[in-house]
K.L.:
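The structure is given below, and queries will be raised subsequently.
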Amino acid sequence: MANFPPLKNHLIYCLGKIIRREHLTGPFLDVGCGGGDVAAFLSAQGWTGKAIDIAEPTARAAQERLAASGVSVACASIFSESGQYATVLALDILEHI
């Protein structure tokens with residue numbers, strides 16, 4: 001997610017609007033979770049889920065941030081992930097492909 005706080009806040013705001021408009025629910029899978037901003041937002045809304053990132057240092061940072069949230073965090077690729085999720089998010093990752 002963006003490191004510029006006004007942009008990050010706007011993106012989270014937009015995500016909240018989409019969730020309400022489309023009646024999205026958990027559990028969620030946050031692909032390319034970065035520092036865990038989206039997973040933290042969803043957890044604060046009462047959602048459960050999992051956040052994954054392919055980069056070990058990034059996944060570790062997200063795990064530290066989300067430790068008390070109950071969100072599971074793993075260093076993993078979408079291709080190795082299994083499970084059932086009502087909502088899958090892959091935000092702000094296109095520039096890495």
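Since the model is a prediction, treat every value here as computed from it, not as a measurement.
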K.L.:
Any side-chain heavy atom of Leu15 within less than 4.5 Å of one from Leu89?
P.N.:
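The answer is yes, as the side chains (C-beta and beyond) meet within the 4.5 Å cut-off.
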K.L.:
Do Val38 and Phe28 come within less than 4.5 Å of each other through their side chains, counting heavy atoms only?
P.N.:
no
K.L.:
Check Gln84 against Pro27 and note the closest heavy-atom contact, atom names and distance.
P.N.:
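Shortest heavy-atom separation between Gln84 and Pro27 comes out as O-CG, 3.9 Å.
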K.L.:
Would you mind reporting whether Val73 and Glu64 have side-chain heavy atoms less than 4.5 Å apart?
P.N.:
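Not in contact.
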K.L.:
Return the minimal non-hydrogen interatomic distance between Ala55 and Cys75, and the atom names on each side.
P.N.:
C-SG, 4.0 Å
K.L.:
Show your reasoning for whether salt bridge (Lys or Arg N to Asp or Glu O under 4.0 Å) applies to Arg60 and Glu56.
P.N.:
CA-CA 6 Å; Arg60 202 172 326 112; Glu56 177 67 36; 3.7 Å; yes
K.L.:
With no hydrogens and no angle check, is any side-chain donor or acceptor of Thr58 less than 3.5 Å from a backbone partner on Gly34?
P.N.:
no
K.L.:
What's the spacing between Ile78 CD1 and Asp53 CG if we round to 0.5 Å?
P.N.:
11.5 Å
K.L.:
Roughly how far apart are Ile52 CD1 and Ser72 OG, rounded to 0.5 Å?
P.N.:
10.0 Å
K.L.:
Around Ile54, counting heavy atoms of other residues, nucleotides and ligands shown, do more than 12 lie under 6.0 Å from its CD1?
P.N.:
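No, because the 6.0 Å sphere around CD1 of Ile54 holds 12 heavy atoms or fewer from other groups.
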K.L.:
Got Val31 and Tyr85 here, is their nearest side-chain heavy-atom distance under 4.5 Å?
P.N.:
no
K.L.:
Find out if a path of hydrophobic residues (ILVMFWY) with successive side-chain heavy-atom gaps under 4.5 Å connects Tyr13 to Ile18.
P.N.:
no
K.L.:
For Lys50, run the side-chain contact (heavy atoms from CB on, under 4.5 Å) check against Val71, Asp30, Leu29 and tell me which one passes.
P.N.:
Leu29
K.L.:
Using side-chain heavy atoms (C-beta onward) and a distance below 4.5 Å, is Leu11 in contact with Phe41?
P.N.:
no
